[in-house]
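Notes to accompany the following structure.
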Number of protein chains: 2
Amino acid sequence: MPGPRWRGNFKDRGHRMTGPRDAILDVLSKKQGHLTADDIFFEVRKLYSGIGIATVYRALDLFVRIGLVNKFDFGGGRSRYEFASKEEHHHHLVCKNCGRVIDYDSFLDEETELIKKIEAELSKKHYFKIDSHQLDFYGLCENCQKEVE
Amino acid sequence: MPGPRWRGNFKDRGHRMTGPRDAILDVLSKKQGHLTADDIFFEVRKLYSGIGIATVYRALDLFVRIGLVNKFDFGGGRSRYEFASKEEHHHHLVCKNCGRVIDYDSFLDEETELIKKIEAELSKKHYFKIDSHQLDFYGLCENCQKEVE
DNA sequence: TCCTTTATTGATAATGATTCTCATTATTAT
DNA sequence: ATAATAATGAGAATCATTATCAATAAAGGA
Ligand SMILES: [Mn+2]
Ligand SMILES: [Mn+2]
Ligand SMILES: [Zn+2]
Ligand SMILES: [Zn+2]
């Protein structure tokens with residue numbers, strides 16, 4: 001009988017809470033960062049050794065669909081996943097050299113305001129129903145600046 | 001002797017302007033949109049029938065490195081490319097259902113201002129050297145709203 | 001123009017991430 | 001406990017992108 005912690009999110013839609021899914025959510029909620037499917041796979045095997053990589057992908061896909069997890073594409077060929085529950089919405093700073101990703105939300109007041117305004121304008125102008133956005137800054141992190149110097 | 005149109009951008013760095021590269025730039029500068037490597041490959045074969053897909057990838061990589069072309073990851077597993085020369089910087093509206101991507105730059109005044117401010121703040125706070133950013137709004141385009149209704 | 005140097009190319013194999021298939025197992029509602 | 005069926009694991013299959021390597025072509029100088 002897998003942990004009841006996340007049951008609530010599955011009740012309705014006919015999804016079942018299982019051992020593998022619970023273990024994956026456990027990892028996602030504890031490890032912070034922007035994990036690849038493989039990162040998650042290796043961590044989860046400590047909790048649920050028999051799990052297969054396909055199950056990890058299937059579970060992540062489900063979690064993204066129901067809004068429990070955010071999926072990102074920062075370039076580099078691998079998707080990255082982040083636990084969404086309770087977290088504030090935030091934006092990213094991405095190092096083009098080493099791939100490090102930093103979350104930030106310090107400017108969120110002004111940003112949120114402007115972004116709402118843009119959303120309204122774009123929705124009207126292009127008949128788009130906007131439900132999310134992503135703002136990333138790219139550059140070189142502290143370490144990588146030194147290396148390149 | 002391949003077209004002299006883009007010669008200027010190659011002079012310095014030891015890169016050679018070749019038939020395949022010229023054909024690829026031709027396609028990129030004429031076809032608008034956010035093309036995949038394969039889109040480009042099929043178009044370029046009309047101009048330069050013997051070209052190989054590896055050459056397309058290599059050329060695109062080079063163009064991105066020297067700033068002639070922008071590369072994007074809107075999700076969906078394939079990178080998308082856009083001719084950068086002369087174009088204004090802009091942001092995107094992406095349909096999560098059909099993948100359509102719309103460029104916009106109407107809000108650029110206010111956006112630019114805020115984004116500069118954020119860049120300055122983030123650079124200082126995180127010791128990051130920021131050189132670009134990407135802002136995408138996700139949702140449903142007009143057509144896809146109808147389908148789902 | 002001809003030569004030399006070496007960047008570039010095309011074909012193809014290799015890789016890496018993600019998805020699919022399918023027989024087996026586990027979960028849920030009765 | 002039983003039936004209905006969602007979920008799983010192993011491995012094959014896909015898909016996009018890279019790496020290899022021998023052959024070719026561009027650039028600059030003689
Ligand atoms: Mn994040
Ligand atoms: Mn664009
Ligand atoms: Zn870095
Ligand atoms: Zn659409």
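Because the structure is predicted, anything quoted here is derived from the model rather than measured. By convention in this document, chain letters (A, B, ...) are assigned in the order of the sequence lines, proteins followed by strands, and residues within each chain are numbered from 1.
An OP1 or OP2 oxygen of C/dT9 is reached within less than 4.0 angstrom by a side-chain nitrogen or oxygen of B/R21. Between A/T55 and D/dG9 there is a side-chain N or O to OP1 or OP2 distance below 4.0 Å. In this structure, A/S79 does not reach the C/dA17 phosphate: none of its side-chain N or O atoms is under 4.0 Å from OP1 or OP2. Of the side-chain N and O atoms in B/Y57, none sit less than 4.0 angstrom from OP1 or OP2 of D/dT18.
Note: CG (A/D38) to C1' (C/dT19) measures 15 Å, nearest angstrom. As a whole-Å value, the separation of B/R58 CZ from C/dT12 C1' is 12 Å. Spacing between atom CZ of B/R65 and atom C1' of C/dA7 amounts to 12 Å, rounded to whole angstrom units. C/dT8 atom C1' lies 11 Å from atom CD1 of B/I24, rounded to whole Å. Going from atom CG of B/L60 over to atom P of C/dT8 covers 14 Å, rounded to whole Å. For the pair B/I53 CD1 and C/dT8 C1', the computed distance is 16 Å after rounding to whole Å. Atom CZ of B/R45 is separated from atom P of C/dT9 by 16 Å (rounded to the nearest Å). In this structure, the NE2 atom of A/H15 is 14 Å from the C1' atom of C/dT27, given to the nearest Å.
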Exercise answer: donor-acceptor pairs, residues 119-132 of chain A side-chain atoms, under 3.5 Å, sequence neighbours excluded:
{"unit_1": "A/S123", "atom_1": "OG", "unit_2": "A/E119", "atom_2": "O", "d": "2.7"}
{"unit_1": "A/S123", "atom_1": "OG", "unit_2": "A/F128", "atom_2": "O", "d": "3.4"}
{"unit_1": "A/D131", "atom_1": "OD1", "unit_2": "B/K96", "atom_2": "NZ", "d": "3.1"}

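Note on B/I51: only backbone sugar-phosphate atoms sit closer than 4.0 angstrom, heavy atoms only; bases stay farther off. Using a 4.0 Å heavy-atom distance criterion, B/T36 is classed as making no nucleic acid contact.
A centroid separation of 6.0 Å or more is found between the aromatic rings of B/H133 and A/H91.
Distances from the side chain of B/Y48 to the nucleotides C/dG10, D/dT8, C/dT28 place C/dG10 closest. Looking at the side chain of A/R78, the nearest of the listed nucleotides D/dA26, C/dA17, C/dA11 is C/dA17. For A/R16, counting side-chain heavy atoms from C-beta on, the closest listed nucleotide (C/dG10, D/dG11, C/dT28) is C/dT28. Nearest nucleotide to the A/A54 side chain, out of C/dC20, C/dT27, C/dA17: C/dC20.
When the options B/I102, B/N70, B/D103 are evaluated for a side chain to side chain contact (heavy atoms under 4.5 Å, CB included) with B/H90, the one that passes is B/D103.
Between the side chains of B/Q134 and B/D136, at least one donor-acceptor pair of N or O atoms lies under 3.5 Å.
Not a single donor-acceptor pair under 3.5 Å links the side chain of B/R78 to the backbone N or O of B/L35.
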